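Since the structure is predicted, the reported quantities are computational estimates derived from the model, not experimental observations.
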There are 2 protein chains.
Amino acid sequence: MTITTNPTGTAANDRRSRGGDRREQILDVALQLFAQHGMAQVSTRQIAQAVGISQPSLYAHFASAHEISAELCLRAFAGLAEASRRVLAEPASPREHFYRLGRAYIDFGLTHPDMYRLAFMQETDPAVAKLVQQGNDPVLAAGQGAFDMLREVLARVLGRSTEEIEIQAQSIWASVHGLTSLLIARPMFPWADREALIAHHLEAVCALYQPDADPR
Amino acid sequence: MTITTNPTGTAANDRRSRGGDRREQILDVALQLFAQHGMAQVSTRQIAQAVGISQPSLYAHFASAHEISAELCLRAFAGLAEASRRVLAEPASPREHFYRLGRAYIDFGLTHPDMYRLAFMQETDPAVAKLVQQGNDPVLAAGQGAFDMLREVLARVLGRSTEEIEIQAQSIWASVHGLTSLLIARPMFPWADREALIAHHLEAVCALYQPDADPR
DNA sequence: AATTGCAACCTATCATAGATAGCCTATCAC
DNA sequence: GTGATAGGCTATCTATGATAGGTTGCAATT
């Protein structure tokens with residue numbers, strides 16, 4: 001019995017048997033468990049067991065449990081940034097760009113509810129707040145990044161003239177975030193048809209911020 | 001040493017010394033601690049100590065820690081309902097009613113962030129989800145109640161004619177919730193002037209749903 | 001080839017969380 | 001008085017994230 005307990009039965013614990021880093025493997029496993037059971041329901045022990053190592057060993061690769069989530073969150077938001085760039089690369093009217101960007105944002109939230117939660121809905125606990133002040137929290141960085149992109153596009157849509165662009169951008173973000181977060185947080189609410197609701201919501205937001213003031 | 005340890009030094013533990021119920025006292029103390037340190041940072045042991053009883057004794061009055069929060073949440077939302085009724089009792093145009101209702105909603109969220117979190121932002125954990133299915137969760141009831149009120153007012157503002165009133169109501173709720181929840185969840189974000197932002201946001205939402213189509 | 005160094009891993013353990021078991025006691029109804 | 005009971009207690013359980021300190025095996029140095 002020289003080998004450690006490994007539920008998969010594979011020789012995963014041979015020091016060199018894995019191509020990638022252990023860190024990567026942990027992230028993969030964690031992401032899968034998060035998607036399967038929800039982030040709040042997954043413990044470090046579960047992750048460790050699924051990887052095939054002991055729970056304390058996780059701390060050799062991550063400083064804390066939060067760091068695992070944060071890393072995954074960062075990567076997820078990189079995906080949103082990528083998707084947004086694709087939207088803007090496609091030729092379309094400013095209004096259409098704006099609409100599709102909102103759509104991409106909502107879709108992202110619904111596809112990665114745990115990551116979205118982490119970025120915009122969850123309480124930043126005191127321990128993490130210290131990192132934030134040093135500008136070191138990847139989650140917050142990801143969140144900010146997403147907003148910055150929205151603001152830029154809004155500036156393009158409205159023309160850079162507007163004085164209140166910051167307020168407008170924040171208001172729009174709030175609206176889009178509102179639907180996204182509610183759909184995530186209260187899936188059991190008697191929602192109207194989801195597609196129709198999202199479409200209406202985005203139409204409404206877009207209608208408000210047209211330079212040509214033509215509500216379609 | 002026949003008397004139990006009581007940090008306050010008062011005779012609070014004499015069985016009959018308190019006018020109100022123990023349950024009420026616990027709720028009072030818990031609310032105060034929540035407001036002071038944030039709900040997530042307050043443990044049942046802290047509450048018990050502040051009350052002057054042992055931690056397990058709490059379970060004689062509440063079935064779980066969640067029940068304490070839920071009860072407080074329910075009461076807080078009763079306050080929102082009350083405030084909303086006051087708004088509607090005041091004579092004003094439908095638009096003004098609508099605006100003030102949104103304002104009351106946002107103010108409520110900012111005044112009771114923990115309760116708002118519980119109702120609309122937090123994950124309903126599996127244990128609680130069972131209660132929800134039985135329709136027994138006071139938090140969810142409170143949340144639903146708040147939305148129902150909004151929908152009624154919207155119906156009055158738009159006239160009952162509209163087919164899509166459900167979608168519109170949900171969209172509006174999402175927008176107002178969006179700003180409320182973001183201000184709660186990300187207080188450190190470089191927000192524009194809060195008053196101006198809220199005003200703009202509500203103006204924008206109101207402008208969209210005018211029966212007379214006059215954007216002021 | 002032997003030694004040193006280090007990264008990755010282990011077991012054992014901590015503190016804190018919510019929650020339960022089982023006993024004690026003061027009051028109240030009779 | 002006597003018994004029931006509400007409210008309380010201590011002791012304990014399970015699960016959480018996290019730390020301490022020892023062990024192992026590869027690799028680079030000597």
Do B/Ser181 and A/His177 meet the criterion of a side-chain donor-acceptor pair at a distance under 3.5 Å?
yes

Between C/dA7 atom C1' and A/Arg23 atom CZ, what is the distance in whole Å?
15 Å

Nearest of C/dC9, D/dC9, D/dG8 to any side-chain atom of B/His61?
D/dG8

Send over the distance from B/Leu58 CG to C/dA17 P, rounded to a whole Å.
13 Å

The side chain of B/Ser57 lies closest to which of these nucleotides: D/dG17, C/dA19, D/dG8?
D/dG8

Between C/dT11 (P) and A/Ile53 (CD1): distance, integer Å:
12 Å

I need the CD-C1' distance between A/Glu67 and D/dG17, as an integer number of Å.
14 Å

In whole angstrom, what separates B/Arg22's CZ from D/dT5's C1'?
17 Å

Return the value, rounded to whole Å, for the distance between atom CZ of B/Phe62 and atom P of C/dG18.
14 Å

B/Arg100: which residues meet the salt bridge (charged side-chain N to carboxylate O under 4.0 Å, His left out) condition with it, sequence neighbours left out?
B/Glu96

For A/Ala196, does its backbone N or O pair with a side-chain atom of A/Asp193 as donor and acceptor, under 3.5 Å?
yes

Could you check whether A/Ala60 gets within reach of a base, just the sugar-phosphate, or nothing at all, counting any heavy atom under 4.0 Å?
nothing

Take atom OH of A/Tyr59 and atom C1' of D/dA20, then tell me their distance rounded to the nearest Å.
14 Å

Might you work through the salt bridge (charged side-chain N to carboxylate O under 4.0 Å, His left out) test for B/Glu90 and B/Arg86, ending with a clear yes or no?
CA-CA 6 Å; B/Glu90 204 83 10; B/Arg86 273 200 303 275; over 6 Å; no

Would you mind reading off the distance between A/Gln25 atom CD and C/dA8 atom P, rounded to a whole angstrom?
13 Å

Tell me whether the side-chain N/O atoms of A/Ser54 come closer than 4.0 Å to OP1 or OP2 in C/dC10.
yes

Check: B/Phe147 ring centroid to B/Tyr105 ring centroid under 6.0 Å
no

Where do N or O atoms of nucleotides 11-16 of chain D meet protein N or O atoms at under 3.5 Å, pair by pair?
{"unit_1": "D/dT16", "atom_1": "OP1", "unit_2": "A/Ser43", "atom_2": "OG", "d": "3.2"}

Spacing of CZ belonging to B/Arg117 relative to CE belonging to B/Met39, to within rounding of 0.5 Å:
8.5 Å

Scan the side chains in residues 56-64 of chain B for donor-acceptor partners under 3.5 Å anywhere in the protein, sequence neighbours excluded, and list what turns up.
{"unit_1": "B/Ser57", "atom_1": "OG", "unit_2": "B/Ser54", "atom_2": "OG", "d": "3.0"}
{"unit_1": "B/Ser64", "atom_1": "OG", "unit_2": "B/His66", "atom_2": "N", "d": "3.4"}
{"unit_1": "B/Ser64", "atom_1": "OG", "unit_2": "B/Glu67", "atom_2": "N", "d": "3.3"}

